[in-house]
There are 2 protein chains.
Amino acid sequence: MAETEAIDVDLEIIVQGAHGRSKPELRLWLRMLSTTKLISQEIRRRLRAEFGATLPQFDLMAQLYREKDGLRLGELSKRTMVTNGNVTGLVERLEADGYVQRVTPQGDRRVTVAKLTEAGVTLFAAMAAAHEGWLQDMMADIDPHAVAALWSEIGTVKASANNHLSGGAFE
Amino acid sequence: MAETEAIDVDLEIIVQGAHGRSKPELRLWLRMLSTTKLISQEIRRRLRAEFGATLPQFDLMAQLYREKDGLRLGELSKRTMVTNGNVTGLVERLEADGYVQRVTPQGDRRVTVAKLTEAGVTLFAAMAAAHEGWLQDMMADIDPHAVAALWSEIGTVKASANNHLSGGAFE
DNA sequence: TGCAAACCTTTGACATTTCAAATATCTGCT
DNA sequence: AGCAGATATTTGAAATGTCAAAGGTTTGCA
């Protein structure tokens, strides 16, 4: 089966292909992208298989887990990099499943606060433990020293990117 | 307002939050994920704004660009990490826009081969050039030496992850 | 020859994603 | 009081994503 191999080919030959040489920045990006995709697909698969949950749901519950008092949907959106419109449906489904509860506080009726239910807390605790294990497993072949170093260096990448966004560049 | 900062907080506090300390692997993963998301959102934004295209479309056209004779949909799927069912619709839309053409070869009528049209080649060439520039821009603050080093080290991460997948580990 | 197994693509049901526009609600200022 | 503008969330349309199942086609082997 060529199927199994295909996963190695992936995104890295997207652009550079035509003329072998390509800028280092592009190469780095393609590798980051494909690596991230590889790992998150694996996590997705396991979340689904073992807990019947999706990755966005996991992200969202993670935020609520650490804020026992719940979070407003807007806050949730920012912390999870999930857009506003998205949070609505996500929370709706989690509420339907009984893991999250929605409340509108008295002070401000525009606001909706989402909070984990007990079932939600229990489920998330189990998922978080498994999740951490999966990552250690997937990164088992890496020199522990390199893991820490990478963390720091990728911080540089993130800072640089953050510094050159087109978004609010209009002032 | 903590609001403005929020974009920096993002995914990295997802899981580790509850008990400040967390495994280095987890920290690395969260940072990779958030960085990748940040950059790809920026690329998405610019592709849309300047070319009216989406990232998956860009990926797909990139593959077809380097294979002037076209690719079967299954091949396309593997090379882009887009699932089979997905390629169908993606190609359909690109065909409707006149950038891609579908042909069924004589030898095997199960097969559909997708190929860039002339308009597709022209469009992609422009997008690829811009895309490369955006990346250099976003990574401008990084030490060029670090870019190359990172590329190599992330290769290690990818290899390790590839080595511990649950999926096709059955041979 | 003839049919089961393998192969390639499409379909279908859902969940998620993006963006933009619509809804509510609150706040500040006149 | 009363309305413009800021805030918070929801909605909607279109595209993408997953997975599983269904459709044709081709192949290999009895």
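Just the heavy atoms: all of them, side chains too, but no hydrogens, waters or symmetry mates, feed the values below. Quick note on labels: first sequence line is chain A, next is B, and so on, each numbered from 1. In this text the structure is predicted, and so the values were computed from the model without any measurement.
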### Task
Would you mind telling me which of Glu50(A), Glu42(A), Arg45(A) makes a side chain to side chain contact (heavy atoms under 4.5 Å, CB included) with Trp134(A)?
Glu50(A)
May I ask you to verify if any side-chain N or O of [X] is less than 4.0 angstrom from the OP1 or OP2 atom of [N]?
X	N	answer
Gln57(A)	dA15(C)	no
Asn84(B)	dT9(C)	no
Arg72(B)	dC8(C)	yes
Arg102(A)	dT10(D)	yes
Thr54(B)	dA15(D)	no

### Task
Using the test side chain to side chain donor-acceptor pair (under 3.5 Å), find all partners of Glu25(B) that sit at least two apart in sequence or belong to another chain.
none
Specify the separation, in whole Å, of atom [atom1] of [X] and atom [atom2] of [N].
X	N	atom1	atom2	result
Glu42(B)	dC19(C)	CD	C1'	15 Å
Arg45(B)	dA20(C)	CZ	P	11 Å
Leu60(B)	dG17(D)	CG	C1'	14 Å
Leu90(A)	dT18(C)	CG	C1'	14 Å
Leu94(A)	dC14(C)	CG	P	18 Å
Arg48(B)	dA20(C)	CZ	P	6 Å
Arg44(A)	dC19(D)	CZ	C1'	13 Å
Leu76(A)	dA8(D)	CG	C1'	13 Å

### Task
For Gly74(B) and for Asn86(A), find the nucleotide of DNA chain C with the closest heavy atom, then tell me which residue's nucleotide is more 5'.
Gly74(B)
Which atom pairs link the protein and nucleotides 26-29 of chain C when you take only N or O atoms and keep those under 3.5 Å?
{"unit_1": "dC26(C)", "atom_1": "OP1", "unit_2": "Arg109(A)", "atom_2": "N", "d": "2.9"}

### Query
With clusters built from Ile, Leu, Val, Met, Phe, Trp and Tyr whose side-chain heavy atoms come within less than 4.5 Å, directly or transitively, what are the remaining members of the cluster of Val113(A), listed by chain and number?
Val111(A)
### Message
Holding to side chain to side chain contact (heavy atoms under 4.5 Å, CB included), I want the full list of residues that pass it with Thr122(B), two or more places apart in sequence or in another chain.
### Response
none
### Task
Only counting residues at least two apart or in another chain, list the ones meeting side chain to side chain contact (heavy atoms under 4.5 Å, CB included) with Val103(A).
none
### Query
Want to settle it: does Thr83(B) or Val113(A) sit nearer the 5' end of DNA chain D, counting the closest nucleotide to each?
Val113(A)
### Message
From C-beta outward on Val111(A), which listed nucleotide comes closest to its side chain: dC8(C), dT17(C), dT9(D)?
### Response
dT9(D)
### Task
With the side chain of Val82(A) defined as its heavy atoms from C-beta on, choose the nearest nucleotide among dT11(C), dT9(D), dT17(C).
dT17(C)
### Message
Applying a 4.0 Å non-hydrogen cut-off, can you work out what Leu55(A) is touching in the nucleic acid: base, sugar-phosphate, or nothing?
### Response
nothing
Taking only distance into account, with no hydrogens and no angle test, what donor-acceptor pairs under 3.5 Å do side-chain atoms of residues 139-148 of chain A form with protein atoms, sequence neighbours excluded?
{"unit_1": "Asp141(A)", "atom_1": "OD1", "unit_2": "His164(B)", "atom_2": "NE2", "d": "3.0"}
{"unit_1": "Asp141(A)", "atom_1": "OD2", "unit_2": "Asn163(B)", "atom_2": "ND2", "d": "3.1"}
{"unit_1": "Asp141(A)", "atom_1": "OD2", "unit_2": "His164(B)", "atom_2": "NE2", "d": "3.4"}
{"unit_1": "Asp143(A)", "atom_1": "OD1", "unit_2": "His145(A)", "atom_2": "N", "d": "3.2"}

### Task
Give a yes or no on whether the ring-centroid distance for Phe58(A) and Phe124(A) is below 6.0 angstrom.
yes
### Side-chain ion pair, Glu67(B) and Arg79(B), N-O less than 4.0 Å
yes
